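The structure appears right after this line, and notes come after that.
This one's a predicted model, so the numbers in the text were calculated from it and none came from an experiment. Whatever order the structure lists ligands and atoms in, that order sets their numbers, starting from 1. Along the sequence shown, the residues carry numbers beginning at 1.
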Amino acid sequence: MQKTLDSQTFKTCDAASYNALTEQFDFFTERLSSSLAARMVSLAEIGSPHSVLDVGTGTGVVALQAAGKIGAGGKVHGIDLSEEMLATAAAKAERLGLAGKIEFSRMDAEELKFEAQTFDIALSLFALLHFPNPLMALREIFRVLRPGGRLVVAVGSSPPLISLSGLIHRFKILPDLLRRSQGKQLVAPNFLDSLVERHLPETDEPEESHLASHSHNRTQGVAALVQSAGFKVLQTDWQGHQAQLETPEEFWEIQRTFSSIARKRLAAAAPEKVELLEREFTEKCRTVQSRGGNLVYPFAAFYVVAQKPE
Ligand SMILES: C[S@@+](CC[C@H](N)C(=O)[O-])C[C@H]1O[C@@H](n2cnc3c(N)ncnc32)[C@H](O)[C@@H]1O
């Protein structure tokens, strides 16, 4: 059921929900999303001396790769609402010797504190679905891009209904569907989400934005939003991936970090309830593994490359 969204409450809760899990978030993001960040940077055609904005930067996986590509005089600015994510991103920039080329600020994507036409390029990976009003965020990005500036935005989504990549994907997962029907595969985040839905009551706080909960296929909706904000869509692309987790502990960690429903409901639950749930989770994983089965986390990105008209 879709709860009424008080957007300010939603934003505060969403950002805060990452604070206690920043280390895990960064670990899994570096492992899973580095190649996706590289694809974003390549689609953006970053050169020097570009000025780049990364919206919903998290621990900076995209911003840091962009900073690595930018020549002398270029600058990257990553914004997010989570203090802990930003602190981790800044520490990574320092470690990588990129601190001079990159800045991180706490800022709401729906209310950017930049002058109009400040940036040449805007990037945003896996963040749009977290905004209660994604169109407002896209309009803000449009405002702060210079005419001719490029946007590359990517969201998690099932494949476009009619597409070659979708067709190939559906063909490739046939063996997985068989394994699942034989009880030889557990799939994240549905596995933990279903246990959480069964054992833990919904909290009063909204767990997902309307765009995220509306449908798993966000391809048409996101491209339409980008257009509504004033951009010309140049290219779209969907790519699916799958990570295999070796242990039930890792499988638990990745889901409670990346699933908004699990992250928020587990954080609000009594520790003894979480412990019981984790025990049931682990036992089911072990049973599947003892049959020769595996634990998988499928994930996908739908990329939209767009331009602000000259
Ligand atoms: C799934 S994470 C993606 C982070 C990063 N782009 C990545 O791919 O690793 C979503 C991020 O959006 C941030 N976020 C949520 N609402 C926001 C808002 N209104 N303005 C800016 N950032 C927001 C969250 O704090 C979180 O860091």
Side-chain angles (χ1 to χ4, degrees), residues 5-41 44 52-67 76-90 92-93 102 104-114 122-141 144 151-157 189 205-212 218 241 254-264 267 297 299-303:
L5 291 187
D6 162 351
S7 68
Q8 215 47 51
T9 311
F10 180 84
K11 287 177 201 175
T12 312
C13 294
D14 193 76
S17 73
Y18 285 107
N19 284 342
L21 289 166
T22 303
E23 202 180 306
Q24 292 88 329
F25 182 92
D26 189 47
F27 173 80
F28 289 117
T29 290
E30 286 294 341
R31 177 168 156 190
L32 269 48
S33 295
S34 285
S35 62
L36 282 65
R39 175 131 180 82
M40 305 259 315
V41 168
V52 179
L53 173 66
D54 181 26
V55 178
T57 192
T59 57
V61 64
V62 175
L64 291 162
Q65 289 212 23
V76 180
H77 207 130
I79 68 111
D80 201 285
L81 275 178
S82 161
E83 297 280 8
E84 296 295 324
M85 294 286 230
L86 289 165
T88 302
K92 283 163 73 181
I102 194 162
F104 292 102
S105 307
R106 187 171 186 278
M107 208 182 288
D108 184 352
E110 296 178 5
E111 207 183 333
L112 297 174
K113 307 267 184 253
F114 299 110
L123 306 166
S124 185
L125 174 62
F126 293 153
L128 202 68
L129 300 183
H130 289 263
F131 308 151
N133 191 338
L135 180 57
M136 198 187 285
L138 287 165
R139 286 195 174 130
E140 276 294 85
I141 295 171
V144 303
L151 165 71
V152 182
V153 62
V155 297
S157 174
E205 292 159 7
E207 288 158 352
E208 287 188 308
S209 70
H210 178 67
L211 184 60
R218 289 103 185 200
H241 311 267
I254 198 167
Q255 291 176 81
R256 78 156 180 154
T257 304
F258 284 154
S259 157
S260 290
I261 293 172
R263 188 176 63 251
K264 291 174 186 176
Y297 183 87
F299 60 104
F302 176 64
Y303 302 88

By salt bridge (charged side-chain N to carboxylate O under 4.0 Å, His left out), Arg139 pairs with (sequence neighbours left out) none
Using 30° and 60° as the class boundaries, would you call the ring planes of Tyr18 and His130 parallel, tilted or perpendicular?
tilted
By side chain to side chain contact (heavy atoms under 4.5 Å, CB included), Ser34 pairs with (sequence neighbours left out) Glu30, Val61, Gln65
Residue pairs passing the salt bridge (Lys or Arg N to Asp or Glu O under 4.0 Å) test with at least one member in residues 77-89, sequence neighbours excluded, are Glu83-Arg106
Ligand 1: which protein N/O atoms lie under 3.5 Å from its N/O atoms?
{"from": "ligand 1", "atom 1": "6 (N)", "to": "Gly56", "atom 2": "O", "distance (Å)": "2.8"}
{"from": "ligand 1", "atom 1": "6 (N)", "to": "Leu125", "atom 2": "O", "distance (Å)": "2.8"}
{"from": "ligand 1", "atom 1": "8 (O)", "to": "Leu125", "atom 2": "O", "distance (Å)": "3.3"}
{"from": "ligand 1", "atom 1": "19 (N)", "to": "Asp108", "atom 2": "OD1", "distance (Å)": "3.0"}
{"from": "ligand 1", "atom 1": "20 (N)", "to": "Ala109", "atom 2": "N", "distance (Å)": "2.9"}
{"from": "ligand 1", "atom 1": "25 (O)", "to": "Asp80", "atom 2": "OD1", "distance (Å)": "2.6"}
{"from": "ligand 1", "atom 1": "27 (O)", "to": "Asp80", "atom 2": "OD1", "distance (Å)": "3.3"}
{"from": "ligand 1", "atom 1": "27 (O)", "to": "Asp80", "atom 2": "OD2", "distance (Å)": "2.6"}

Give the ring-plane orientation class for Phe114 versus His77, where under 30° counts as parallel, over 60° as perpendicular and anything between as tilted. perpendicular
In terms of heavy-atom contacts, Ala127 and Val55 come closest through CB-O, 3.7 Å
